[in-house]
Amino acid sequence: MPAPLRDSAVPKHEQLRAILLQKCTRELQPGDLLTSERNLMQDYGVSRITVREAVGQLVNEGYLVRVRGKGTFVAHRPVQSRLHLASFTEEMRALGHQPSTLVLVAEEATAPEPTARALRLPQGARAYHVRRLRLADDDAVSVDDAWFNPELVPDLIAHDLTGSLYRLAADRYGRPIERAEQTVDAQAADTGIAALLGVRKGAPVLHFDRVSFSADVPIEHTHSWYRSDRYRVQMEVGRSS
């Protein structure tokens, strides 16, 4: 039986947050149900306001998730990535996760106008379109919608597309991806993205718009949508001289 929290210089909601954080990260598994507010009030001798403050902080920090009508659950551990140039497959393996991929679309089609501009193709030109669902440890993490210049990677869609396309471009075509121009913004998941990622429509997702280059030639234009509760970006910034 847990001991009631004591009055101290540390507010009780902070004491309770620390206790629940340890449970989330060391004792419970992702998807486990957290004990009820009533039980937490009784176990630690605190008010409902204190419980809601502690739980609310952990929800905001991504350790817990509330499901209306069902309770509060331990959230899936977010994949934390450093902002650098790497394929999803390489990145997940480097972080200790098991990557897998479901190919949703592999076709040759007319490139959308923004993609044609990004790849320096004439308007109405054909390009390879590859749309994939990316998973880490069997959990959906992102949807990648990529277009490739077919002159640089001929017959791309005839190959296995479940692994690293960056590796394929380098090994098969001698076109290593050496740099990229990328923007990141927050979006609300539309119906299709929400269904693939297993979130509700309108849930916040991280959107990446990337143009990748081999030497100075654009080879890939990709839009990616990442679950914001399962993927975080870490970066180091410095002051320019």
Side-chain angles (χ1 to χ4, degrees), residues 81-92 99 101-134 140-197 199 201-228 231-233 235 237 240:
S81 168
R82 293 189 63 84
L83 192 58
H84 66 294
L85 183 59
S87 75
F88 179 91
T89 300
E90 294 166 343
E91 184 177 46
M92 292 303 105
T101 296
L102 177 62
V103 178
L104 306 173
V105 174
E107 63 180 0
E108 183 176 351
T110 301
E113 187 174 338
T115 294
R117 288 198 303 269
L119 295 179
R120 302 175 190 167
L121 297 173
Q123 186 172 352
R126 308 282 284 181
Y128 290 134
H129 179 208
V130 180
R131 185 176 177 90
R132 303 184 296 172
L133 177 64
R134 317 307 298 274
V141 174
S142 75
V143 176
D144 293 349
D145 195 85
W147 291 81
F148 292 86
N149 184 336
E151 294 182 1
L152 302 179
V153 285
D155 297 321
L156 174 72
I157 57 177
H159 298 286
D160 180 10
L161 303 178
T162 60
S164 169
L165 297 189
Y166 283 11
R167 175 72 66 184
L168 181 62
D171 294 349
R172 178 78 181 183
Y173 299 102
R175 294 282 184 176
I177 305 297
E178 298 169 335
R179 69 180 184 90
E181 297 174 359
Q182 178 171 272
T183 60
V184 184
D185 65 312
Q187 293 189 357
D190 63 22
T191 301
I193 295 297
L196 289 169
L197 292 180
V199 298
K201 180 182 178 182
V205 292
L206 292 174
H207 169 244
F208 293 75
D209 184 343
R210 171 186 285 189
V211 180
S212 301
F213 295 79
S214 180
D216 290 326
V217 181
I219 189 172
E220 172 205 35
H221 180 217
T222 298
H223 289 278
S224 298
W225 295 266
Y226 282 76
R227 282 188 60 147
S228 59
Y231 190 83
R232 295 178 180 176
V233 178
M235 65 192 77
V237 296
S240 60

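Worth knowing before you read on, the calculation uses all heavy atoms, side chains too, and leaves out hydrogens, waters and symmetry mates.
- Counting non-hydrogen atoms of neighbouring residues, nucleotides and ligands closer than 6.0 angstrom, the CD atom of Glu151 reaches no more than 12 such neighbours.
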CA sep, side-chain torsions, deciding dist, call: Ile157, Val130, side-chain contact (heavy atoms from CB on, under 4.5 Å): CA-CA 8 Å; Ile157 57 177; Val130 180; 4.1 Å; yes
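- Every ring pair (Phe, Tyr, Trp, His ring centres under 6.0 Å) that His129 has, sequence neighbours left out, goes to Trp147.
- In this structure the side chain of Arg132 reaches within 4.5 angstrom of the side chain of Leu165, judged on heavy atoms.
- Interatomic distance, CD of Glu220 versus OG1 of Thr115, reported as 10.5 Å (0.5 Å rounding).
- Residues Arg134 and Tyr226 form no side-chain contact, since every pair of their non-hydrogen atoms from C-beta on lies 4.5 Å or further apart.
- A heavy-atom distance below 4.5 Å is not found between the side chains of Asp144 and Arg131.
- Taking CZ from Arg179 and OG from Ser212, the interatomic distance works out to 10.0 Å, rounded to the nearest 0.5 Å.
- Of all the heavy atoms in Ala127 and Pro150, the pair that sits closest is CA-CD, 3.8 Å.
- Listed here is the closest heavy atom pair of Leu133 and Leu197: CD1-CD2, 4.3 Å.
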For the pair Leu196 and Leu104, evaluate side-chain contact (heavy atoms from CB on, under 4.5 Å) and give the outcome as yes or no after the intermediate values. CA-CA 10 Å; Leu196 289 169; Leu104 306 173; 3.8 Å; yes
Quick one, Tyr173 with Ser214, criterion side-chain hydrogen bond (donor to acceptor under 3.5 Å, both in side chains). Give me CA distance, side-chain angles, the key distance, then yes/no. CA-CA 11 Å; Tyr173 299 102; Ser214 180; over 6 Å; no
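- Here Asp185 contributes atom CG and His207 contributes atom NE2; the two are 6.0 Å apart, rounded to the nearest 0.5 Å.
- For the pair Leu152/Leu119, no side-chain contact is recorded, criterion being any heavy-atom separation below 4.5 Å from C-beta on.
- Between the CG atom in Leu161 and the CG atom in Leu168 there is a gap of 7.5 Å [rounded to 0.5 Å].
- In terms of modelled atom types and a separation under 3.5 Å, the side chain of Gln187 and the main chain of Val205 share no donor-acceptor contact.
- Note that OG1 of Thr183 is 10.5 Å distant from CZ of Arg210, once rounded to the nearest 0.5 Å.
- Counting heavy atoms from C-beta on, the side chains of Trp225 and Asp145 come closer than 4.5 Å.
- Under the 3.5 Å distance criterion, the side-chain polar atoms of Tyr128 are left unmatched by any main-chain donor or acceptor of Ala146.
- Considering every non-hydrogen atom in both Val211 and Pro218, the closest pair reads CG1-CB, 4.0 Å.
- No side-chain heavy atom of His221 sits under 4.5 Å from any side-chain heavy atom of Asn149.
- Other residues, nucleotides and ligands contribute only 12 or fewer heavy atoms inside 6.0 Å of the CZ atom of Arg172.
- A distance of 10.5 Å separates OG1 in Thr110 from CD in Gln123, rounded to the nearest 0.5 Å.
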